[in-house]
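Each residue takes its place number in the sequence, starting with 1.
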Amino acid sequence: MVDDEQLRTGDTDAPAGSTPSAGTQAPARTDNPAEAETSHDDQAPAGAETTAGAAAAGPVEEQPKTPVLGDVLLAIEELWPESLAEQWDAVGPVVGRPTAEVQKILFAVDPTADVITEAIEWGADLLVTHHPLLLKPVNSVATSSFKGDAVHRLIENGCALVTVHTNGDSAVGGVSDVLADALGLQDVRPLSPADNGLPEEGIGRVGELSEARTLGEFAEQVFSILPAVAGGVKVAGDRNGIIRSVAVCGGAGDSLFDQVRASRADVYVTADLRHHPASEAREGTVEGRPYLIDVSHFGSEWLWLTPASAALDNVLTDQGYRVEVKVSVTNTDPWDFVLTPG
């Protein structure tokens, strides 16, 4: 996978205001008492303002602060409100004390063992993942299970875990917004508007291409913007069919076929299309539409990590905090290779 780090802007080697200015430097030492006497006599009286020194010193800049987890959670809520999460979802903090300082934040799609190792080795204080570690209720976090082991490793290494899932899908600038933007869609609107959000929030997006093109050409564009994974991109429809309107849903979107048909989109881009929903969608098309493009679940959501990490960094920076934010370089797509005809 491409290593696409997002570091905090304005981070310099020296803290703000630490470089001595011309008017505040100490006078040079001298071994000649006469020179020292002259220098002493030439000094301004105590309390007198020296214009050059005052102008050079300038206003004292406020030093950036280190946030605690509670501060970061407030910033996350501002960007991706929990009220936008689906009722069945589990979002928000998983482990971590609200009073613990956070200096390094790692973004990833999945809280897998390899991602947690990456976070620990980098010294992350917070891991933000799109997919939940504990989506379904558990009655034990014993280390005999991989989820229990993950919880223990995070706590033992002082790394908090926060989930931004369907609230990150639905919010403005969320997963599907990023996917729509990467494909150059215009006049974008929600595919399934949020019940508790703004008019532009909801699951999935639908928009228009600036120029009509063939399904084959568009599928190649979809393939080009996604990370390389074993499954590639699967397409259902006439390769030479002309498309203009596009519906997208990052992650698994085969529950939205009614909304896709209602939008009259020419093609639907999503992930995890199962046999029966895909087959029924093809049987129920009107003049072959909507065409279907099935992509990697991981790949469709990986695109969101870089703008999401930058957005959180910007909010914290505006609040006077200094953090280092990074996107995981671990490919968490579960498939290793694929066999195809020919």
For [X] and [Y], which I'm curious about, is there any donor-acceptor pair between the side chains at under 3.5 Å?
| X | Y | value |
| --- | --- | --- |
| Thr166 | Asp89 | yes |
| Thr117 | Arg153 | yes |
| Glu101 | Thr66 | no |
| Glu280 | His276 | no |

Side chain of [X], backbone of [Y]: donor and acceptor closer than 3.5 Å?
| X | Y | answer |
| --- | --- | --- |
| Asp254 | Leu273 | no |
| Glu77 | Glu82 | yes |
| Asp177 | Val172 | no |
| Thr306 | Leu303 | no |
| Ser279 | His275 | no |
| Asp187 | Gly207 | no |
| Asn167 | Val164 | no |
| Asp333 | Val229 | no |
| Arg274 | Asp272 | no |
| Asn314 | Ala310 | yes |

For [X] and [Y], which heavy atoms make the closest approach, and how far apart are they?
| X | Y | value |
| --- | --- | --- |
| Gly237 | Tyr291 | CA-CD2, 3.5 Å |
| Gly96 | Ala160 | CA-CB, 3.8 Å |
| Ser309 | Val327 | OG-CG2, 3.6 Å |
| Ala150 | Ile116 | CB-CD1, 3.4 Å |
| Tyr268 | Gly253 | OH-O, 2.6 Å |
| Val162 | Pro93 | CG2-CA, 4.0 Å |

Candidate list Thr163, Asp110, Thr332, test side-chain hydrogen bond (donor to acceptor under 3.5 Å, both in side chains), partner His131, passing option
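With His131 as partner, Thr163, Asp110, Thr332 yield a single side-chain hydrogen bond (donor to acceptor under 3.5 Å, both in side chains), made by Asp110.
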Taking atom [atom1] of [X] as the centre, does the number of heavy atoms from other residues, nucleotides or ligands within less than 6.0 Å exceed 12?
| X | atom1 | value |
| --- | --- | --- |
| Arg282 | CZ | no |
| Lys65 | NZ | yes |
| Asp336 | CG | no |
| Glu287 | CD | no |
| Glu211 | CD | no |

Determine, using the 4.5 Å side-chain heavy-atom cutoff (strictly less than), whether [X] and [Y] are members of one ILVMFWY cluster.
| X | Y | value |
| --- | --- | --- |
| Val102 | Leu79 | yes |
| Leu191 | Leu185 | no |
| Phe257 | Val269 | no |
| Leu135 | Val91 | no |
| Val246 | Ile203 | no |

Run the side-chain contact (heavy atoms from CB on, under 4.5 Å) check on Val175 and Ser300 step by step: do they pass?
CA-CA 8 Å; Val175 171; Ser300 67; 5.6 Å; no
Could you check if a side-chain atom of [X] sits within less than 4.5 angstrom of a side-chain atom of [Y], using non-hydrogen atoms only?
| X | Y | result |
| --- | --- | --- |
| Asp181 | Val188 | no |
| Val68 | Asp71 | yes |
| Phe218 | Val235 | no |
| Asn331 | Asp114 | no |

Keeping to residues at least two apart or across chains, list the side chain to side chain donor-acceptor pair (under 3.5 Å) pairs with something in residues 190-204.
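Checked against side chain to side chain donor-acceptor pair (under 3.5 Å) - neighbours excluded - no pair reaches residues 190-204.
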So how far is it from [X] [atom1] to [Y] [atom2], rounded to the nearest 0.5 Å?
| X | Y | atom1 | atom2 | result |
| --- | --- | --- | --- | --- |
| Leu183 | Ile293 | CG | CD1 | 8.5 Å |
| Leu198 | Leu84 | CG | CG | 8.0 Å |
| Leu215 | Asn240 | CG | CG | 9.0 Å |
| Ser170 | Arg205 | OG | CZ | 6.5 Å |
| Phe107 | Leu126 | CZ | CG | 7.5 Å |
| Lys147 | Leu134 | NZ | CG | 6.0 Å |

When you look at Val260 and Val206, which way does the side-chain contact (heavy atoms from CB on, under 4.5 Å) test go after all the steps?
CA-CA 8 Å; Val260 173; Val206 60; over 6 Å; no
Parallel under 30°, tilted from 30 to 60°, perpendicular over 60°: which one fits the rings of Trp304 and His130?
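Rings of Trp304 and His130: tilted, as their planes differ by 30° to 60°.
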Taking NZ, NE, NH1 and NH2 as the nitrogens, is one of them in Asp266 or Arg289 under 4.0 Å from a carboxylate oxygen of the other?
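Result for this pair is yes, salt bridge flagged.
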Out of Leu316, Leu127, Asp313, which one pairs with Ile105 under the side chain to side chain contact (heavy atoms under 4.5 Å, CB included) rule?
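Answer after filtering Leu316, Leu127, Asp313: Leu316.
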Could you walk me through whether Val248 and Thr270 satisfy the side-chain contact (heavy atoms from CB on, under 4.5 Å) test, starting with their C-alpha distance in whole Å, then the side-chain angles of each, then the deciding distance to 0.1 Å, before giving a yes or no?
CA-CA 6 Å; Val248 301; Thr270 191; over 6 Å; no
